[in-house]
Every structure is written in structure tokens, then in C-alpha cells.
Amino acid sequence: MAGTATVRPATYDFDAVEQKWQRIWEQQGMYRAVEDPAKPKYYCLEMFPYPSGKLHMGHVRNYSIGDVVARYKRMRGYNVLHPMGWDAFGLPAENAAIQHNIHPGRWTWDNIRYMRQQLRRLGISYDWNREVASCHPDYYRWTQWLFLQFYRAGLVYKKKAAVNWCPACATVLANEQVVQGRCERCDTPVTTKDLEQWFFRITRYADRLLEDLDRLDGWPEKVKTMQRNWIGRSVGVEVRFPIKGMDEELAIFTTRADTIYGATYMVVAPEHPLVPRLIADNPDREAIERFIEDVRRQDELARAAEDSEKLGVFTGSYCVNPFTGEEIPIWIGNYVLMGYGTGAIMAVPAHDQRDLDFARKYGLPVRVVIAPEHGPAPDEATMREAFVEDGKMVNSGPYTGLPNREGLERIADDVERRGIGRRRVQYRLRDWLISRQRYWGCPIPIVYCPECGPVAVPEDQLPVLLPDDVAFKPTGQSPLVESEEFVRTTCPQCGKEARRETDTMDTFVDSSWYFLRFCDPEATDVPFRREKADYWMPVDQYIGGVEHAILHLMYARFFQMVLADLGLVGTGRPFQNLLTQGMVLKDGAKMSKSKGNTVDPDYIIKKYGADTARLFILFAAPPERDLEWSDAGVEGAYRFLNRVWRLVSDLADDARTAGAIDGRTGRAPDPDAQKLRRTVHRTVQRVTADIDGRFHFNTAISAIMELVNMFYQYKERGGPRDREVVAEGLEKLVLLLAPFAPHLAEELWHMIGRTGSVHEQPWPSFDPDLVQADEMEIVVQVDGRVRDRMMVPRDLADDEVKARALALPRVAEHVAGRSVARVVVVPGRLVNVVTRR
RNA sequence: GCCGGAGUGGCGGAAUGGCAGACGCGGGCGACUUAAAAUCGCCUGGGCAACCCCCGUGCGGGUUCGAGUCCCGCCUCCGGCACCA
């Protein structure tokens, strides 16, 4: 070893380099964000993680992408806010408490400590002074405060509702948390339960949430479409059908009022409030009630199952169709949902597949009232497929002969004129159920007084703290219920003894405003100061997994709109631009513990360093796409960084001693040096275009790799080097590398004798004149096939290019025996000689 | 069923309607070395003796001088929604 002391090692000491610079950046407070009205601001945000224990590769990817954006924008002169925090309330902490007898708070804070250390080890440029954790009283106090503002604005209410219940988690779930009839978290089939629950009136904002999507240019179409579908706006008519022999009407909602002459029966949901009266006189009442019980016991899973059978029973009662005057039977059916519309429908089997299936099963009549414009009408007796297209109306009294779209409007007009109904907009979106029967969440600041009823906790008594000394038992009951210390209180209004609400909030409430707290994390008398929020908001670039396309991203939009309406913020839009990253896969499947295909970030960082881990994950695929993990690919990224390090080490002396390239005059440039210089400038152009707006980091990195390859060729060819070209090239190379491999870039920056931090330099510029070569290669095609290529001066006239192409022997060969019909010249690219036989 | 997105070498992936496969991985060859590793360089879609030529971007048509890219009709995979009247 001693004998080879002068030979530099083949690989760099990434551990030493990364730790050194992390320490220095930290000491200098380099990433601290301070409001500065003189500079344009840029708020770069990645979705904060749930502190589950340790980071997974999806996190590494998310935060690496965000860090490139933040560092790039900083170099571009923006005042960048890049914060991080913890979505720290949630069920896993409580499950850990039950299983391992450790307090959820302790468990959570331990995880936070570990994961924070991991993020620091990755060298992400966060302003750690702004760190927040949603489980901290300084944070959830304001979650409660916001709840009270919503409460006062009439956006919070409590009602008894049939709710989704997960027996395993022993809590209710929002509709959004039920996936395919199963609990999003534990996959247990979800059942329903009638419970008193708290709701946010998000439906009041349905239209605005929908409309604003059209103006969110910076969001992926996919996400906007998912939200549009989720909100599910449909325009239709509510019509009341008189019930025969009863002083009642049955209201239905339909988007197809034009088919009303084809309504041959009615169907109501089993839970419909009129059901008891509809079946009161039926001799088979008990059988019907048994049927209803069966359907209600059917859990969500069975009801949601594909082609689940339509079941129904006749009530014995009849409606009168207000348009035909006919009496039509009222059925109870499992395919009609109480939660949508009015819980009752008019059934038009000829023009609705579900109704047709039901009618065929129970032998109900089918009547065609819309016929195709051309060709025969479907045969009522035999049709198996409902006719759902547009056409002309038939069998429809005075409307017969009209195009159905026009008939629809006329019938809706007549419904309104006759006072038997009205036009209506119906949403699929339901109000947001926010109460959870769990301990580890933000307590709902409400007190129940025997005299005054539910009373809001006054703002100056916030936060309502979670008690620490509670018992965690696997009973499914929230420990809060048994905590007398917590429950017993006095009424804020009358002072009498009262009991606290023991439900806590859905954790999506916590995450619906954290981006605002980041603007002013220290605020003590408000959740955030308006002027701070006005400076930083909206988030310029939000980055996270597409799995939050509906839930989190819609709730956050809802919150921001409400807060804008309340005058707490100036903009109703939280996130200007959204980037949804793809998943990290291993062997074609999502990494998961149960599949045993996880890759541990700690191990990768230990073996190759943070820069390599980040570089690989950015290089392997563009951000929106799923990324296939490859150990060999990581190896390649590591090799590349070492290659850069060796290159710069070897040429650092040139760079340190060279003069500035700008001032140089009268030197005949060596063509190799000139070529290198052109590549340098061309690379700056390419990398800039790839990062800016496109976020194609993989091609940006490949461009840098090409530059490094070119540099090696220049270096290895031997002979004297143009030190000024080398110096300029290395400097730009290191600057380009800075967002992707921040530690190594910083090390190299100093190695080539530059001062200050590389991350505080302006982004490199390129000279458009230098980017273009004097001579360019033109591809010459004959009939669209490449036959030759030639070098021509950059600004050679098209005619001359054409002449030179035709003069090429290879072209003559291929044209032989034919005549030239036409010659297409694409300037700077190719010539295509088109022949005719 | 409806709504998105994607199908390109052995693999990850590149290509404003203009050289298909950049860059990386893997593989081959060479240089350096006593040797190996590391490193540096060259080659690497298939067919073919050939760097001539032919074929080639899921399949079938079309538009165009020219199509991975645009249009029409399919197939497969992934994601979302799904008795929403």
C-alpha cells in the first residue's frame, strides 16, 4: 500500500464526502427559507409521509424528485420553500400499542426520529426549521381550531347514518376508504352500521370543486378525470309519482325523462322510508320484511360484486305514471341505492340494461319508447339488450316523433309546469365522514352538555389534549371512552357537568392544511399568518403518489376553498402544479413486505451512498412512470459517479490554473477542443430543457453521461489540452450535476478551485451560437430509405444541398433505372429523393 | 361495462411527422496487468459471408415523399370507477 500512495484510488469515499457537506450545509443554514418580497418565490412540496417506521423506496423516489426541483429552482434564482413534516396520526400507531404494549406517541416519535435521520442522510435540501408533526399539540390545536371555523360556517354537522364499518379496525370509514367493498387498510370486508357521525359538508362545494378542475392546467389530466368521476355530477329531473290509494307521492330522480312513457314499474331501495307503508296491507308482509333483512345484511362486498344478481319483491302497491295515467307496480330491489338520488327509480326496461335484466327475471312488461333514427325498433318481446342510444320518440303521446334529446327538455319543462317535480343536479359525491372511534387522532373539540346539547369548545381552551395515561386493549373500543379524566368536563356555556366527544378526526383532516402551516410553522395565536401564506401560497410544485389522486388531493382543495371563503387565505387553490410519480416495482410487482421483494434504502445508501441512490432512481425512468428496481442499474449509477470523480480529479489542475474563457482572443481553436466545447454548451441546453417543465430527469442525466464520455475521449486522446475549454467544461458539468448528486457536485466544485457552495451558484448558461456546428450531417434517403449521409456547411442553401445529394454515387445507384420525381429537403436534417419508375 | 395510460433489443428506457433503439444494464473483443479485479477504448435489434442488402416499434388497414409518432378498426397489460338511475 505504501508504495502506491501517490496513485489515487479508483473510487471516491462517498461517506466522507456526503457527511462533510451535510454538516457544512447544516451549519450554514443553507436551506432555510426566509420571505423576501424582492425575489420570486417557489414553493416545492412533496407529500409528507406517515411515520411508519422507516423510509421505503417510494419515499426515496418522491423526495429525490422534489429535491432536484428545489435545487434547480434555487439555482435559477428563486426563493425556495422546501419543507418536510409528518402525517403522524393514524391507526398503525394504535395497533402497535396493542400488539407491543408501547404508547402510540412513543412509537410515532421514535419512527419520526429514525426517518428524519434517513432523510438527512439522503441530503434532501429541507428547511428543517419548519418541520411539523400533525400529532403535536402545537399542530393539532389548529386542526381543532379549523374544525371550529368550519363548524361556525355551517360546514360541520352530526347525523345518524348508515356508515361503512370495518369490523377489524373497529371504526367507520369514509366512502373514499372503502375499496371494492373492503377496508382500504386491512382488506376486511366492510359492513354497515347506523351510528351518529360527524360530517364535513363537502357536497356544498361539489360544483366549485368540479369547475375549478377545468382551470387547473398544471395538473395531470388523469387526476382531474378521476376527481370528476368521483364527484359524478349528473343533470336530470326529479319527478313525483302519486301512490294509488295513499296520500303520498314517490319521488324519483332520472337523467332520462324522455323515457318516462316507457316506465312500466317503480323500484325503491330496501331502506326507503316509505317501504313500511307500501307493504302494510300486503298479506305477504313478513316474507317481504325477511327479504329486506337479507338484503341489508348483504355486506358491501357482495353488493359491489360484479354481476351480482338483481333481486326484488313486489310491494303490493301501485304508482300512477303522471304522463300515461297508468297504474304501475312498485317493487323493492337490491339494485337501487338509498344513498343516491331519492332512493327510488322509475324503471324503463327497454332503455336501461339494469331495468331490463330485472324485468326479464320477474316477467315485468317492456315498452319501447325510443326508436333508432334508421332501421327497425327493438322487439319488446325478445330484446335482451336495452336500447340506450339517441333516437326518435315513439309511443310517447304528444311527444311522439320528437328527437329524444328535445323530448327530454320538453318533458322536463312540462314536469315543472305541472308542479310535479323539477330539474335537479345530482352528485355522486357524499359528505365527508370525518369522525373515527379511535384514540390516536385529533380530538373533535365538542362537549355534550345535558342542558345545552353539543357545544363547541371555545377557541381559547384549545387544544383539547389527548390524555396520555390510557389503556390499549384489543377490544376495538377507543380508550378515550374509558378515560374518565378525558371525558368528564364542564359545559363551556352553562358550567354544568358535561362529557367530551370521544371521537377523533380522520387523518385526512390533518393533511388538508399542513402546506399552510409550513408557511408559518411558529405561529402561536393563529394556525398561520395570512401574510406568510400570501407570500408562499400556492404550492408551485406538489409531488406525490397517484394513490392520493382523489382523497387527499380533493380534501385539500376543499379546505383551501373554504379557508379562502373565510378570508384566511388569498387563494382557493392549494397546488398550482401537480406531479404524480409512479410506483417503485421489483420483479414487476409493487414492493411490499408480504411479497418479500423490498429493497432497503439504508442498505443501498450504506453500500453506494446517497448520491448514487438518488441518481439511479432518477435515471431509471421518468417520474410519472413506474420504475423497475435494478441492482445492476444502481451499480451503473455508482460507476458513473466514480467516473465523474476521476475525470474531475485528473483535470482539476487544468481547471484551477486556466484563465477565463470569455476574454480569450486570437487563438486558433483546436478542433477537438472546439467539439468538446460545443458538447458542453449543447449539454447545458439539453439538461435545462429536460428539467424545466418536463421533469425528464432520466434524459437529463443521460445527456450529462454523454458529456462525460466526450470529456474522456478528449482527455484520453493524449496531446496538449486546451485548459480554458476544460475549465469551462468542468465547471458547467459540476453545476449540471448539482441537483442530481448534490454532495459529489459540491466536493468537485471545490476540487476545481471554486468558492462558495455549488448550490448557491446561478444555473449554467449556454451560448446558442456555440451549440451549432459549422458543418452538419445530412441524411440522404432514396424513397424514404437511408442510402448515404454527407457533411455540409451549416447555412448551405437548400438547392445546393439537393444538388450535392443527387451527386452522391450511392444515390445514383439507387435511382438507376428510374427517374427522379421529386426531392424533399428538410433543412438541417435530410434529403429524400423520390423516384418514379 | 365506462374513463385514463401503456405496448419499442436479452433488460430499464430514448426519439418537435425526418437516421428507430440515445444513455444505462447485460454480453463480446481489445489495451493495461505476471494474472485477475478495477479502469480505458471498440462492438452489440434480427437475417446474411458482408458495415451490401432485406426485415423490424402489439395486430390489420389508411394518410404522407417519409409514421414508433397522425387517422380508422382490433388485441393485450396496468390504473381508476363501477347496479349512481
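To find a chain, count down the sequence lines: A is the first, B the second, and so on, and within it residues start at 1.
In this structure, A:Tyr608 OH and A:Asn642 CG are separated by 11.5 Å, a value rounded to the nearest 0.5 Å. Of the inter-residue distances, the one linking A:Lys361 atom NZ with A:Leu356 atom CG reads 14.0 Å to the nearest 0.5 angstrom.
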Which atom pairs, one a donor and one an acceptor, fall under 3.5 Å between side chains of residues 615-627 of chain A and the rest of the protein, sequence neighbours left out?
residue, atom, partner, partner atom, Å
A:Asp626, OD1, A:Met583, N, 2.8

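Rounded to whole Å, the distance from CZ on A:Phe640 to P on B:G12 is 22 Å. For A:Asp626 and B:G12, the CG to C1' distance is 13 Å, given to the nearest whole Å. Summarising the geometry, the separation between CD on A:Gln353 and P on B:A85 is reported as 15 Å, rounded to the nearest angstrom. For the pair A:Arg818 CZ and B:C65 P, the interatomic distance rounds to 17 Å; values are reported in whole Å. Residue A:Asp783 contributes atom CG, which lies 13 Å from atom C1' of B:U64 at whole-angstrom precision. Distance, A:Glu628 CD to B:G26 P: 16 Å, rounded to whole Å. For the pair A:Glu635 CD and B:G27 P, the computed distance is 12 Å after rounding to whole Å. In this structure, CG of A:Asn642 is placed 15 Å from P of B:G24, rounded to the nearest angstrom.
For the residue pair A:Leu337 and A:Ala269, the shortest heavy atom distance occurs at C-CB, 4.0 Å.
Out of B:G26, B:C65, B:A85, the shortest distance to the side chain of A:Phe253 is found at B:A85. Closest contact between the side chain of A:Arg625 and the listed nucleotides B:G13, B:C83, B:C25 involves B:G13. Closest to the side chain of A:Ile345, from the set B:A85, B:G26, B:G80, is B:A85.
Using P as the reference atom, B:C11 and B:C59 are 16 Å apart when rounded to the nearest Å. The separation of B:U76 from B:C65, taken at their P atoms, amounts to 35 Å, rounded to a whole angstrom. Comparing the P positions of B:G26 and B:G12 gives a spacing of 15 Å, expressed to the nearest Å. Distance check on atom P: B:A85 versus B:G68 gives 42 Å, rounded to whole Å. For the C1' atoms, the distance from B:G58 to B:C52 is 31 Å, rounded to whole Å. Straight-line distance between the C1' atoms of B:C40 and B:G66: roughly 41 Å, to the nearest whole Å. The separation of B:U16 from B:A67, taken at their C1' atoms, amounts to 15 Å, rounded to a whole angstrom. The P atoms of B:U44 and B:G17 are separated by 28 Å, rounded to the nearest whole Å.
Applying a 4.0 Å cut-off to non-hydrogen atoms, the residues of residues 216-226 of chain A that approach RNA chain B are A:Lys222, A:Thr225, A:Met226, listed by residue number.
Nearer the 5' end of RNA chain B, as judged by each residue's closest nucleotide, is the contact made by A:Val546, out of A:Gly341 and A:Val546. Both A:Val834 and A:Ala620 lie near RNA chain B, and the one whose nearest nucleotide falls closer to the 5' end is A:Ala620.
Taking 4.0 Å as the cut-off between side-chain N and carboxylate O, A:Glu409 and A:Arg423 count as a salt-bridged pair. Salt-bridge formation is detected for the pair A:Asp650/A:Lys715: a Lys NZ or Arg NE/NH1/NH2 atom is positioned less than 4.0 Å from an Asp or Glu carboxylate oxygen. The pair A:Arg256-A:Asp352 does not meet the salt-bridge criterion, since no charged nitrogen lies less than 4.0 angstrom from a carboxylate oxygen. Salt bridge annotation for A:Glu628-A:Lys586: absent, with no cationic side-chain nitrogen under 4.0 angstrom from a carboxylate oxygen.
A:Tyr712 comes within 4.0 angstrom of sugar-phosphate atoms only, judged by non-hydrogen atoms across all strands, and of no base. At a threshold of 4.0 angstrom between heavy atoms, the contacts of A:Arg233 with the nucleic acid are absent. Within 4.0 Å (heavy atoms only), A:Thr254 reaches sugar-phosphate atoms of the nucleic acid but no base atom. Residue contacts for A:Gly636: at a heavy-atom cut-off of 4.0 Å it reaches the sugar-phosphate backbone alone, with no base atom in range. Residue A:His814 is classed as a sugar-phosphate contact, given heavy-atom separations below 4.0 Å to backbone atoms only. Nucleic acid contact class of A:Asp357 (heavy atoms, under 4.0 Å, all strands): none.
Within 6.0 Å of the CD atom in A:Glu385, the count of heavy atoms belonging to other residues, nucleotides or ligands does not exceed 12.
One finds no side-chain N or O of A:Arg228 lying less than 4.0 angstrom from the OP1 or OP2 phosphate oxygen of B:C81. For A:Arg428 and B:A82, the shortest distance from a side-chain N or O to OP1 or OP2 is below 4.0 Å. OP1 or OP2 of B:C55 sits under 4.0 Å from a side-chain N or O of A:Arg785. Considering only side-chain N and O atoms, A:Gln227 lies nowhere under 4.0 angstrom from the phosphate OP1 or OP2 of B:C81.
Taking a pair as Watson-Crick or G-U with both hydrogen-bonding distances under 3.5 Å, the stems of three or more pairs touching RNA chain B are B:1-7 with B:75-81, B:10-12 with B:23-25, B:26-31 with B:39-44, B:45-47 with B:53-55, B:58-62 with B:70-74.
Between A:Tyr12 and A:Phe14, the ring-plane angle classifies as perpendicular under the 30° and 60° cut-offs. Below 30°, between 30° and 60°, or above 60°: for A:Phe387 and A:His351 the angle between ring planes is above 60°, a perpendicular geometry.
In this structure, B:G61 is classed as anti because its glycosidic torsion departs from zero by more than 90°.
At least one donor-acceptor pair under 3.5 Å links the side chain of A:Arg557 to the backbone N or O of A:Leu209.
Taking the salt bridge (charged side-chain N to carboxylate O under 4.0 Å, His left out) definition, one finds that A:Asp214 meets it with A:Arg228, sequence neighbours left out. For A:Arg678, there are no salt bridge (charged side-chain N to carboxylate O under 4.0 Å, His left out) partners two or more places apart in sequence or in a different chain.
In this structure, A:Phe740 and A:Ile701 have side chains that are in contact, with non-hydrogen atoms separated by less than 4.5 Å.
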Exercise. Tell me, for nucleotides 15-23 of chain B in 5' to 3' order, what letter each nucleotide earns: B for a base near a protein heavy atom under 4.0 Å, S for only sugar-phosphate near one, - for neither?
Worked result: SB-BB--BB

